[in-house]
Amino acid sequence: MWCKGQIAVVLLIFFLCDVFAQPRFKGRKAMAKHQQPAVLQYFEPRAGASQTVTAQCTDSEVIVTISPDLLGIQKPVQPSDLSMGGCGVTSPVGAQPFVIEAPLQGCGSTVEMLGAVITYTFTLDYNPSPIDGLPIVRTNPAVVQIECQYNRLHNVSSNALNPTWVPYTSTISAEDILGFSLVIMSSDWSGPSSSNTFFLGDLINLQASVDSTNHVPLRVFVDSCVATPGSNASAPAYTFIGNNGCFLDSKLTGSNSQFVSPRVAQSVMQFQLDAFRFYGLTTSSIFITCHLKVTLASANVDPLNKDCSYNSALSQWSSVDGNNAVCSCCDTSCANPPPFRRGSGALKHRPRRASEWSTPAEWQETISVGPLYLEQVSPLSLSQSLSGQQDEASPGSQFQDSILGAVVGVLAVSCVAVLFLAYSKANGIANKQ
């Protein structure tokens, strides 16, 4: 009996050790921290060699490694001159190479969703500071764009039943698959633009959209858009869409900026921005940051959920979705709902509670694109064009000059002949006398 009891105690001890040795995950799934190389893109003026910057993308951050010889010209850079969206070097002082560790949703990152790929974009800036005690620098600034690309993950549940509609509560719980995107499009809207360089006078095509997988049909709106010369919210800043979807640029400047009507789909909004540059700045780059939001496609548009363009020829606002009455607040303020007035000629907007006018946080997102480079038409090209026109006209001018020369020559010969005859006649008369 004593042996059996001792064996039981030993087995119990082993069982308890095994139980307590097992890891405990309270509703969370352990995820290995894997790494993958980032996509690097250099902008002029660029670093001297691509090997001077490397980056690794993990599940939660990007790790950027920078060589002191960033420009590849044997002139080391200072770590204090490096920044990524306001985040500086995180490696210890004196350590080389320099390292910047940045969270995916921080340090000025922008996120873009195209199809099944999510792209986080960072901008590494090198701005050289003057040499100590001297007002000079011997290196040029450099910009390196870093992209971390991930495949989108979808929540998969039982496929035993596919409902024909999704209730509102389910829509809220599936917020992680409501993907917004803002893309610079080609001139014919056939796909993303292959170039980010534009000239003054061009129309920049932009497309906002939402991927509403597992949702009832949704309608996307461009609530506001701001242009800045840098990736951060730096001055100056130009709000060309504001007041809850009013295209202010066309009203303020008389430009051709507009929302494209009609929509190609309820989940897509296309719009065109008349290209411009910031006055007094040497940089020609601009970044565009837009606040997008959605409502149910079955819902009526209202002063807070609309997209309106201004027609300079008619001096009036018009809604992409047809109800121009919702644009009447574009010249004032659309932040508050209009008062409810009864009567045949009055607007019949029902007063709403504040909760009815607010958009759920998961149904809106702020997205940035850029940099876009704006160039002017070269004066040299214009002078060459005028020179070409003059060259084309020169054969006619030469012909006219030839005729004029011939006429002058004939007149000169005639005058000489007349003078010779007059002289000869005068001599003959003198000899006879």
Side-chain angles (χ1 to χ4, degrees), residues 171 178 180-183 205-210 212 215-227 238-274 288-341 345-367:
T171 301
L178 188 63
F180 291 87
S181 69
L182 180 64
V183 182
N205 292 343
L206 296 113
Q207 178 172 291
S209 62
V210 61
S212 55
H215 282 264
V216 292
L218 299 174
R219 180 186 294 130
V220 67
F221 296 96
V222 181
D223 192 61
S224 65
C225 285
V226 178
Y238 177 49
T239 301
F240 58 90
I241 297 177
N243 208 3
N244 299 112
C246 302
F247 218 131
L248 304 177
D249 181 66
S250 51
K251 176 66 182 292
L252 296 175
T253 66
S255 68
N256 295 319
S257 300
Q258 63 176 345
F259 291 108
V260 177
S261 180
R263 293 174 181 262
V264 296
Q266 293 296 327
S267 60
V268 176
M269 172 55 69
Q270 297 175 332
F271 57 104
Q272 296 179 306
L273 175 63
D274 212 331
I288 296 176
T289 302
C290 294
H291 182 71
L292 312 179
K293 62 182 180 181
V294 296
T295 64
L296 296 175
S298 58
N300 294 327
V301 294
D302 55 46
L304 290 185
N305 300 286
K306 67 185 185 302
D307 279 324
C308 299
S309 299
Y310 185 76
N311 189 321
S312 300
L314 301 178
S315 299
Q316 69 179 23
W317 293 93
S318 60
S319 170
V320 172
D321 298 296
N323 184 5
N324 294 338
V326 299
C327 303
S328 59
C329 63
C330 282
D331 290 324
T332 55
S333 174
C334 302
N336 298 315
F340 179 72
R341 303 190 303 271
L347 291 174
K348 298 181 180 180
H349 294 295
R350 178 179 63 85
R352 301 184 180 185
R353 297 185 297 272
S355 60
E356 293 181 285
W357 285 88
S358 61
T359 302
E362 61 274 3
W363 281 29
Q364 54 189 324
E365 188 167 337
T366 299
I367 304 179

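- Test Thr253, Asp274, Ile288 against Phe240 for side-chain contact (heavy atoms from CB on, under 4.5 Å) and you get one pass: Ile288.
- Ser250 and Ser257 form no side-chain donor-acceptor contact under 3.5 Å, judged by distance and modelled atom types alone.
- For the atom pair Gln266 CD and Thr295 OG1, the distance stands at 8.5 Å (nearest 0.5 Å).
- For the atom pair Phe221 CZ and Cys290 SG, the distance stands at 15.0 Å (nearest 0.5 Å).
- Taking CG from Asn324 and OG from Ser319, the interatomic distance works out to 6.0 Å, rounded to the nearest 0.5 Å.
- Remark: Asp223 pairs with Asn244, Lys293 by the side chain to side chain donor-acceptor pair (under 3.5 Å) rule, at least two apart or across chains.
- Cysteines Cys308 and Cys246 are not disulfide-linked, with SG atoms at least 2.5 angstrom from each other.
- Separating the CG atom in Leu292 from the CZ atom in Phe180 is a distance of 6.5 Å, to the nearest 0.5 Å.
- Within the model, atoms CD1 of Ile241 and CG of Leu248 stand 8.0 Å from one another, a figure rounded to the nearest 0.5 Å.
- For Asn205 (side chain) and Gln272 (main-chain N/O), no donor-acceptor pair under 3.5 Å exists by modelled atom type.
- A donor-acceptor distance shorter than 3.5 angstrom exists from the side chain of Asn243 to the backbone of Cys334, with no hydrogens or angles considered.
- Using a 4.5 Å heavy-atom cutoff, the side chains of Asp307 and Phe271 are not in contact.
- For residues 243-260, the pairs satisfying salt bridge (Lys or Arg N to Asp or Glu O under 4.0 Å) are Lys251-Asp331, with sequence neighbours left out.
- Although no hydrogens or angles enter the test, the distance criterion places no donor-acceptor pair under 3.5 Å between the side chain of Arg219 and the main chain of Asn305.
- Among pairs with a residue in residues 302-325, those fulfilling ring-ring contact (aromatic ring centres under 6.0 Å, His included) read Tyr310-Trp317, at least two apart in sequence or across chains.
- A heavy-atom distance below 4.5 Å is not found between the side chains of Asp321 and Val326.
- Panel note: side chain Arg263, backbone Val268; a donor-acceptor pair is recorded below 3.5 Å.
- Here CD of Gln316 is found 12.0 Å from SG of Cys330. Values are rounded to the nearest 0.5 Å.
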task = Begin with the C-alpha distance, continue with both residues' side-chain angles, and end with the deciding distance and a verdict on side chain to side chain contact (heavy atoms under 4.5 Å, CB included) for Ile367 and Thr289.
result = CA-CA 6 Å; Ile367 304 179; Thr289 302; over 6 Å; no
